[in-house]
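Proteins get letters first, then strands, A, B, ... in listed order; numbering begins at 1 in each.
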There are 2 protein chains.
Amino acid sequence: MKQILSNFKIQVNENIYLKDPESSKLGKKIIDHSILLIDEIGFEHFTFRKLAEQIQSTESSVYRYFENKHQLLVYLTNWYWSWIEYKLVFSTHNIADPTTKLELGLEIATRAPAEDEQFSHVNEVKLGGIVVAEFSKSYLTKEVDQENQEGYFATFKRLVSLLAEMIKEVNPEYPHPKSLISTVIQGALHQQYSREHLPSLTDCKNDDELVQFYKNLVLKQINF
Amino acid sequence: MKQILSNFKIQVNENIYLKDPESSKLGKKIIDHSILLIDEIGFEHFTFRKLAEQIQSTESSVYRYFENKHQLLVYLTNWYWSWIEYKLVFSTHNIADPTTKLELGLEIATRAPAEDEQFSHVNEVKLGGIVVAEFSKSYLTKEVDQENQEGYFATFKRLVSLLAEMIKEVNPEYPHPKSLISTVIQGALHQQYSREHLPSLTDCKNDDELVQFYKNLVLKQINF
DNA sequence: CGAATATAATAGTATTACTATTATTTTGAA
DNA sequence: TTCAAAATAATAGTAATACTATTATATTCG
């Protein structure tokens, strides 16, 4: 994966930052360390002041990249889903059989990133953890409609529609591909969180079982 | 429903408040108006100061009932899931056929509450909306493990285990009842939210279709 | 090299999330 | 019915958060 993708830079919609953090050293430091810090103390306790301390910079410097910490979270989650989308598009590119293709897509969309997948300055494993715990906070706000119009959630919606298309290739008659896919992706995040913190909400002992559970759910559902 | 349940008072675990809001007029006002206010401005913008203004009381008076607004949210979501649990237990009580019972249970757990179900001083419809938009914020925090130990999420876990038992009665061999149920309940909340704010993530046009989608998902999945 | 731009340092404001103190009102047991 | 205890209201205050503004210094790039 590292070799395949190392030429690509994840692009995030320019509405989601004031100044592109990929365009400077400070910008990259903001991204890298915000991932470490949010992973460590959680989004609620995370502040630009604390982040600035960690990177030996100042609050106002961070504010020149992002309007506020909410926008930074949206940036991080978009980066994450873009990365999943790249992996999905590359991996499924040459696969002819629709069912195999769908299974592979589900695998990529539901499995938590592993240590050996690192391909950028970003810590993808910790970012995956942030997505599990914080992604839903990025859209469960009163500002969702306006932000949706500005493309804040476009990456995730595109991923859902990509996988929904894969379902349609397996069974063009299936009536609820988008509901099924978004239920499965969100469900996988939730099950990962549950395994760690609310174990009575899951039966999956490990990631393999979890991925298998969702693959099975989808295939059984769409095959008539 | 109103008649059946009007004798029952929803009980919330006493760890989830400092003073029982059901024990006084002010307490009930806090609950009622916090639902209206959170529904109106969202949990992020909600403060005890704003709430106190609405009910012509003071911040410090509210603080004598709840440690902070997070605890109030946990209280409200527990109340909601307790109410769902009551409806589920009553409705399925005398049903012999396990499949019919499960279908009814899924119906109650996935359908958004309707206007005519009002049975208490609480606005159940708006509370349902709050659960859709804010429930996940109640456990996606760094304090989840400690709060889980104190019983903050017991009501939801009990509801999941009730429905998981219903699955086992239909098919004792099915290996992932808890994962399936928690995926479905969370999924239904998410689909309700999507229908309103991120429509490209759903195919369900209305509540009936949504409920049917999840019933079908479960039944197809567990029937061998 | 010099101008433009980015960053750092510092300070300041409004709001939030509380805590503390005292006064007033309500209540409920003798 | 009274009077003590408890609940509530009024007021004030603190530390942290979420910003904005100003100026000084460093960097970069045409």
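- Looking at A:Ser61, its side chain never comes within 3.5 Å of a backbone N or O of A:Ser57 through a donor-acceptor pair.
- The stretch residues 31-63 of chain A touches DNA chain D through A:Thr47, A:Arg49, A:Lys50, A:Glu59, A:Ser60, A:Tyr63, each having a heavy atom within less than 4.0 Å of the strand.
- A salt bridge links A:Lys137 with A:Glu44; the closest basic N to acidic carboxylate O contact falls under 4.0 Å.
- Between B:Lys25 atom NZ and D:dA7 atom C1' there is a gap of 15 Å when expressed in whole angstrom units.
- Counting to the nearest Å, the C1' atom of D:dT8 and the CZ atom of B:Phe66 are 16 Å from each other.
- In this model, the phosphate group of C:dT7 is approached by a side-chain N or O of A:Tyr65 to a distance below 4.0 Å at OP1 or OP2.
- Between atom CG of residue A:Asp203 and atom OG of residue A:Ser194 there is a gap of 10.5 Å, rounded to the nearest 0.5 Å.
- For the pair B:Lys29 NZ and D:dT8 C1', the computed distance is 12 Å after rounding to whole Å.
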Report task. Sugar-phosphate atoms are those with a prime plus P, OP1 and OP2; base atoms are the rest. Using that split, label each nucleotide of nucleotides 23-30 of chain D B, S or - for protein heavy atoms under 4.0 Å, 5' to 3'. Result -> --------
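- In this structure the side chain of B:Phe66 never reaches within 4.5 angstrom of the side chain of B:Leu18, judged on heavy atoms.
- Using a 4.5 Å heavy-atom cutoff, the side chains of B:Cys204 and A:His176 are in contact.
- B:Lys178 places no side-chain N or O within 3.5 Å of a backbone atom of B:Ala164 that could act as its donor or acceptor partner.
- As a whole-Å value, the separation of B:Lys69 NZ from C:dT16 P is 9 Å.
- Atom pair B:Leu18:CG and D:dA7:P shows a separation of 12 Å (rounding to whole Å applied).
- When the P atom of C:dT5 is taken as reference, atom CG of A:Leu26 falls 18 Å away, rounded to whole Å.
- For A:Arg64 and C:dA6, the shortest distance from a side-chain N or O to OP1 or OP2 is not below 4.0 Å.
- Ranking C:dT7, D:dC19, D:dT8 by closeness to the B:Ser24 side chain, first place goes to D:dT8.
- If you check D:dA7, D:dC19, C:dC18 against the side chain of B:Asn68, the one that comes closest is C:dC18.
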Report task. Using the side-chain hydrogen bond (donor to acceptor under 3.5 Å, both in side chains) rule, take B:Glu196 and B:Gln192 through it: C-alpha gap first, then chi angles, then the decisive distance, then the call. Result -> CA-CA 7 Å; B:Glu196 189 134 347; B:Gln192 279 172 41; over 6 Å; no
